[in-house]
Amino acid sequence: MKLVTVSGPPSSGKTAVILQLIERLKQDESTAGAVKFDCLTTFDKAAYVSSDVPVQIGLSGKFCPDHFYISNIEKCVQWGIKNKFDYLFTESAGLCNRCSPHVQGVLAICVIDSLAGVHTPRKIGPMLKYADIIVITKGDIVSQAEREVFMFNVLQANAKAHVIFINGITGQGAFMLRKHVQTAREVVSLQDYRLRFTTPAAVCSYCTGETHIGDNYQMGMMKTMEFR
Amino acid sequence: MEQEEFIKKSSILEVKKQYPQAQDFLENIGLQNLPEDLSLDEALLTVPEDDLAQFDLTRKSLPEQLIEFINTIRKIKGTCTQVKNLTIIGGENKNRQKEKITLTVKAGEIISIVGPTGSGKSCLLADVECLAQGDTPSKRCIMINGGRLSDEERFNLGNRLVAQLSQNMNFVMDVSVADFLSMHAKIRLVKDEQAVVKKCFDTANKLAGEKFSDDTKVTQLSGGQSRALMIADAAYISSSPIVLIDEIENAGVDRQEAIKCLARSEKIVILSTHDPLLALGADKRIVIKNGGMDKIITTTDTEKKCRNTIKHLDDTLLDIRNRLRRGELIENIDELRNNI
């Protein structure tokens, strides 16, 4: 089974891109499943179900979403293999813009939307920086010039990536993505694989449910702000 | 190797002079204030390793990534220029009948695509945009300079060969026209930035029905002004040699002049349109029927002559529209009819 991790800010079009891609993968009889990771709630299940794509939902709730993701990803892989999928897509919003679900040796896609502002590629960090492919959505409604500026900023954060513009509604561009995805490596297990970037370092009283503000309540790893 | 040596050992000031994009790169990781008289290697010694680690960089990997970025941008610039011609080889229409058409378009030529709404005009534009190689539903094949393209070439060329303009496009950046143009010119590594920006601004103003100043925010431009600026930008700053236009109709832009200005910049212009002036202003037009290219018509000399009458009709309508805007009564239609 080929595994692909898809990341991107909320509402950037991850689900639309994955569904467009799966539709094109189905053309040569390939089967695909998806796992959607989110924090509190997600409405994407319906989209997958209505496209006949088997899907599992993982909600991290009060846990750090990235830790939740990494401690469950192996089970997702086994679910995919048991169901004999040719492709498994994991979809996760880059929830704090600091983390990245990308794994060494596993094809990594980051989806960003060209309406998000030209500085977004600089802000979202590792999930963009460590992606092999960067998909830019909603390019059909911004000017060509801005698309070019946007792409420049993307390359600045990640000069190695392939950049593909995809229209999530019509699917224009998705078949180019298919060609890349077809070359993804097969996995049987992620045992001993490594993340491309570390998850957050903090372990503190707030991680375990503290809600009071003040020095007396702060314990564990903290970072204090510098005022200049 | 020489380049690597230069970037690591020369003063940051010199590096920025040689590679202006280095400034942007450093800003991106919060290092815009490195002392410019030091070399990058020396300056990095003053930055705590922890700060670099935030971006998963080290003193060793940072210069390497800067070099990679500079080279990627240069490669993009390098691959853009030489498209002498483009060939569309027919595939099949919606009924799976063969399109018996092969059309070669030279740089500086204008091709229009006509056909009923929903007949497949945008689909043809999409095939050109992705440089289809018989692998889209239409099975069409797009050749560049007479040759087919490998997947590798398509990926590398994909975003750089084709610029697109459509009615649905807007500006979303919160910057002035002047800043916007120079930002675009800068990333395009345009030589003589100021002159190009001025030319672009002047052209946009000439094309737009209503004038605008260069300190206007791009988001505040009217539909016509936006379209004019996008077209001028595509002509003078964007380096993509192929421009695809999806229906720019009555947007308060001198449409004919706009298209000509693209063609004069030696672009290949392909536009889908319902506008008779634009369609007949093209060198040839592709007629789409049932999702397929039905036939190619070369604009005849007689058609070219008819264009003047059509222009007159068009101007007459435009005049009525303007009078409406000015709050006048539109009652003397008979007089207009006699004029025609």
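Below, read A as the first sequence line, B as the second, and so on, with proteins coming before strands; counting in each chain starts at 1.
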statement: Turns out that what part of A/Phe152 lies under 4.5 Å from chain B's heavy atoms comes down to both
Side chain to side chain, B/Met169 and A/Glu146, heavy atoms closer than 4.5 Å: no
- request: State the CE-CG distance between B/Met173 and A/Leu115, to the nearest 0.5 angstrom.
  value: 11.5 Å
query: Is any side-chain heavy atom of A/Gln144 closer than 4.5 Å to a side-chain heavy atom of B/Ser240?
result: yes
statement: Nearest heavy-atom approach of A/Phe175 to B/Thr136 is CZ-CG2, 4.1 Å
statement: Highest number of heavy-atom pairs under 4.5 Å with chain A among B/Gln164, B/Glu27, B/Met230 belongs to B/Gln164
Exam field: side chain A/Glu148 to backbone B/His184, donor-acceptor pair closer than 3.5 Å: no
task: Taking all heavy atoms of B/Gln21 and all of A/Gln156, pick out the closest pair and write down the distance.
output: O-NE2, 4.2 Å
field: Interface residue of largest heavy-atom contact number with chain A, from B/Asp233, B/Leu165, B/Asp24, B/Asn168, under 4.5 Å
entry: B/Asp24
message: For B/Lys198, I'd like to know if atom NZ has over 12 heavy atoms of other residues, nucleotides or ligands within 6.0 Å.
response: no
query: Is there a side-chain contact between B/Phe180 and A/Ser143, using heavy atoms and a 4.5 Å cut-off?
result: yes
Within-4.5 Å side-chain heavy-atom neighbours: B/Asp135 and A/Lys179: yes
field: Contact check, side chains of A/Lys129 and B/Leu57, non-hydrogen atoms, under 4.5 Å
entry: yes
- prompt: When you look at CG of A/Asp215, are more than 12 heavy atoms from neighbouring residues, nucleotides or ligands closer to it than 6.0 Å?
  reply: no
Residue selection (most heavy-atom pairs with chain B, distance under 4.5 Å) from A/Val142, A/Val149, A/Thr198, A/Ile136: A/Val142
